[in-house]
Amino acid sequence: MEIGSSASRSLLKREKVRGAILELIEDRRPGDAIPSERTLCARLGVSRPTLRAAVDQLVVAGLLVREHGRGMFVAGEKITQELSASRDAFALPQAAGAWTSRLLAFRTVQAGARVGRRLRISPAAEIRYVARVRLVDGSPIAIEYLHVPVDLVPDLTEDELERGDLYEHLRERHGVQVSEAQQSIEPTVVTRSEGELLGVPELSPALLFERLTSDAHDRPVEYVHSVYRGDRYRIVSRLTLGPRSGDPSSRDSHHPGIPPGDSISGAPVTSLTRGVVQGGR
């Protein structure tokens, strides 16, 4: 099922192309060439503008490099700085506002090589593919793409993805207890179709979140990547430099991509204040 306007259809087509190019990147080493635009258009069955939109996003994200007259190449590996903290190291207020979702797509597909590797399942295994716009008090804040193994939650419904907390639904309706997640955050810009859905101009700054969530048995539950409006979010790190008197209180918190009310130790937490969401580890 696919829902929505031409902008959402364009977005989903570009997302499919992005996934295919990411598989090419992951199968190569830094400096290796990927096929030409003409070859990729023919292979993927898409127009040149659609392909270029996906390539442009990967270039901005630092995953591809364009060289005039030579082609496209896999970019060098990024320097990664891991931010970590125990649950006791920080506590921030829960995000304000009513969080809701609007579905763009909800369908069952094969995982494919790239998603299958992340979820530790066969490329031929079935997953629930979900694309949705996340809103706060009716205002669009983010676009999320979720991949959930069908075997783990065969009865997942559209309503659960539009209403309430997904992780609460997994726990109470499907017996899946989310335990931890590994998440990366990178700067990016929105494409034209993303901008139309989020209500911001094309090339507006944004944050790209990528997260793999596991349950108490260390089974991957969900692989998701999200584009959050850069004008609504900033990342704040709270660091513990020494002992403090008394035990810090533990309060519920919210961070991008995780529904309000669900918190995971070691993940960014956020507060939504005066139109700005603050996140920190």
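Heavy-atom basis, side chains included; hydrogens, waters and symmetry copies ignored.
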Atom pair [atom1]/[atom2] of [X] and [Y] - distance to nearest 0.5 Å:
| X | Y | atom1 | atom2 | value |
| --- | --- | --- | --- | --- |
| Leu198 | Ser139 | CG | OG | 9.0 Å |
| Thr100 | Leu135 | OG1 | CG | 4.5 Å |
| Ser36 | Leu40 | OG | CG | 6.5 Å |
| Asp27 | Ile34 | CG | CD1 | 12.0 Å |
| Asp155 | Arg173 | CG | CZ | 11.0 Å |
| Glu144 | Phe209 | CD | CZ | 10.0 Å |

Nearest non-hydrogen partners of [X] and [Y], listed with the distance:
| X | Y | answer |
| --- | --- | --- |
| Ala53 | Thr191 | O-CG2, 4.4 Å |
| Met72 | Pro35 | CE-O, 3.4 Å |
| Ala111 | Ile121 | CB-CD1, 3.8 Å |
| Glu222 | Leu146 | OE2-CD2, 3.0 Å |
| Arg14 | Ser193 | NE-OG, 4.4 Å |
| Pro123 | Ala113 | CB-N, 3.9 Å |

Worksheet item: So, Arg128 and Thr108: side-chain donor and acceptor under 3.5 Å apart, yes or no?
Response: yes
Worksheet item: Any luck finding a side-chain donor-acceptor pair between Arg114 and Tyr223 under 3.5 Å?
Response: yes
Flag side-chain contact, heavy atom, 4.5 Å: [X] against [Y]:
| X | Y | result |
| --- | --- | --- |
| Asp231 | Ser204 | no |
| Val227 | Leu208 | yes |
| Arg29 | Val74 | no |
| Ile21 | Gln57 | no |
| Val178 | Arg171 | no |
| Asp32 | Ile25 | no |
| Arg43 | Leu24 | yes |
| Leu170 | Leu152 | no |

Is it true that [X] and [Y] fall in one hydrophobic cluster, defined by side-chain heavy atoms closer than 4.5 Å?
| X | Y | value |
| --- | --- | --- |
| Phe106 | Val224 | yes |
| Leu203 | Val190 | no |
| Leu64 | Val46 | yes |
| Val189 | Val17 | no |
| Tyr167 | Val150 | no |

Worksheet item: Out of Arg211, Glu210, Glu15, which residue meets the side chain to side chain donor-acceptor pair (under 3.5 Å) rule with His225?
Response: Glu15
Worksheet item: So Lys16 and Thr50, side-chain contact (heavy atoms from CB on, under 4.5 Å) or not? Walk me through it.
Response: CA-CA 10 Å; Lys16 180 180 178 180; Thr50 297; over 6 Å; no
Closer than 3.5 angstrom, by distance alone: can the side chain of [X] be matched with the main-chain N or O of [Y] as a donor-acceptor pair?
| X | Y | answer |
| --- | --- | --- |
| Arg132 | Leu161 | yes |
| Arg48 | Cys41 | no |
| Arg66 | Val59 | no |
| Asp137 | Ala98 | yes |
| Arg229 | Pro140 | yes |

Discussion item. side-chain contact (heavy atoms from CB on, under 4.5 Å) for Leu12 and Arg9? Distances and angles first, verdict last.
Written reply: CA-CA 5 Å; Leu12 294 173; Arg9 290 192 294 271; 5.8 Å; no
Worksheet item: So does Arg163 have more than 12 non-hydrogen atoms from other groups sitting under 6.0 Å from CZ?
Response: no
Discussion item. Are there over 12 heavy-atom neighbours, none belonging to Arg118, within less than 6.0 Å of that residue's CZ?
Written reply: yes
Item to complete: Could you give me the CA-CA distance, side-chain angles and deciding distance for Leu11 and Tyr145, then say whether side-chain contact (heavy atoms from CB on, under 4.5 Å) is met?
Response: CA-CA 11 Å; Leu11 177 75; Tyr145 308 93; 3.2 Å; yes
Practice prompt. Report yes if the distance between the aromatic ring centroids of Tyr129 and His147 is under 6.0 Å, otherwise no.
Written response: yes
Item to complete: Decide yes or no on side-chain contact (heavy atoms from CB on, under 4.5 Å) for Leu166 and Leu156, but give the supporting numbers first.
Response: CA-CA 10 Å; Leu166 175 58; Leu156 186 67; 4.1 Å; yes
